[in-house]
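Below is one structure; the comments refer to it alone.
Nothing fancy with the numbering, it's 1 onward along the sequence. Computed from a prediction, not measured in an experiment: that's the story for all the values here. Whatever order the structure lists them in is the order used to number ligands and atoms, beginning at 1. Heavy atoms only: backbone and side chains are in, while hydrogens, waters and symmetry mates are out.
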Amino acid sequence: MTDLSDIHHAHRTSPSLQATPAAISLRNVSKRFARRNDAPLHVLDEINLDIPHGQVVAILGASGCGKSTLLNLIAGLAHPDEGAILVEGASTAAYTDWRAVGYLFQDDRLLPWRTARDNVCFGLEAGTLPRSQRQTRALQALVAVGLTGFEKAYPHELSGGMRSRVALARSLVNEPRILLLDEPFSKLDPGTRAQMHAELLAIQASRNMTVVFVTHDVEEAIVLADQVVILQPRPGRIREIAPVTLARPRVPAQVEVAELIRQLRVLV
Ligand SMILES: Nc1ncnc2c1ncn2[C@@H]1O[C@H](COP(=O)(O)OP(=O)(O)OP(=O)(O)O)[C@@H](O)[C@H]1O
Ligand SMILES: [Mg+2]
């Protein structure tokens, strides 16, 4: 016979009752866009995904399958037609702590009239830090992405890869708990890309940050992520969610890493 105190004890220790909400949850999310003189474009359909705090998740899928739309929905910049999106347990319509969510857009969206440093500062201006501290933080963020010496350059004076690193610094400078990155490394050469991977993972681990990033590169997804989500197009549905449990640092030359890359390439 079960004694009542056992039940109480079981309740206290039950992981489902103790668990904090996932950083991000998508429940049966569908999204359509209206079109002129045409039926609505059904972009995402029945997306279900749970992203625990501190996880790194990669989103892969063909061009146009809805990856950026998915990030916009998580960021509350667009709303689903069906289903619900929860950020730290609150629906995106009700969530208020958006300063805790960093977003690097697919296009870098730098302000052309501001220097690299002042573009990074932009992310801090809604806060209470005095100007001198904002500038110090911005400079540290630029150093972290390898742009020492370019803080006074304007966007038009930077290469595409340098601009994308300014955007990365801007998304990190606020020390977000959740970071959304849309193809953050696509403009970088392999060496710089590997450096940025290491930098991102170090920052992510030190703050237990939740990271969701979009990529077209299966290798990058496996090197960085705890879960790889593969979307299939029209409408975007989840084709596969692949957990990656291999120890870090992961190098594509390692047999297990290479095998996983080979398996997932077939699905993208
Ligand atoms: N605001 C919008 N209004 C109308 N249609 C849109 C809008 N945003 C995206 N779409 C359409 O939704 C589809 C998915 O777009 P999305 O940008 O999410 O794709 P993606 O997977 O990020 O592609 P890529 O890899 O090329 O960046 C596309 O067909 C696009 O034309
Ligand atoms: Mg996109």
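Remark: Arg35 CZ is packed, more than 12 non-hydrogen atoms of other residues, nucleotides or ligands lying under 6.0 Å away. In Arg248, the CZ atom is crowded: over 12 heavy atoms of neighbouring residues, nucleotides or ligands sit closer than 6.0 Å.
Side-chain atoms of Gln140 do not come within 3.5 Å of backbone N or O of Ala138 as any donor-acceptor pair. Side-chain N or O atoms of Thr210 include one that pairs as donor or acceptor with a backbone N or O of Gly54 at under 3.5 Å.
Using bins of under 30°, 30° to 60° and over 60° for the plane-to-plane angle, the ring pair Trp98/Tyr95 lands in the perpendicular bin.
At least one N/O/S atom of Gln106, from backbone or side chain, sits under 2.8 Å from the Mg ion (ligand 2). Checking Ser63 against the Mg ion (ligand 2), every N/O/S atom stays at or beyond the 2.8 Å cut-off.
Atom CZ of Arg165 is separated from atom CD of Gln195 by 8.0 Å, given to the nearest 0.5 angstrom.
In this structure, ligand 1 sits under 4.0 Å from heavy atoms belonging to Phe33, Leu41, Val43, Ala62, Ser63, Gly64, Cys65, Gly66, Lys67, Ser68, Thr69, Gln106, Glu183, His216.
Checking Asp108 against Ser164 by side-chain atom types alone, no donor-acceptor pair falls below 3.5 Å.
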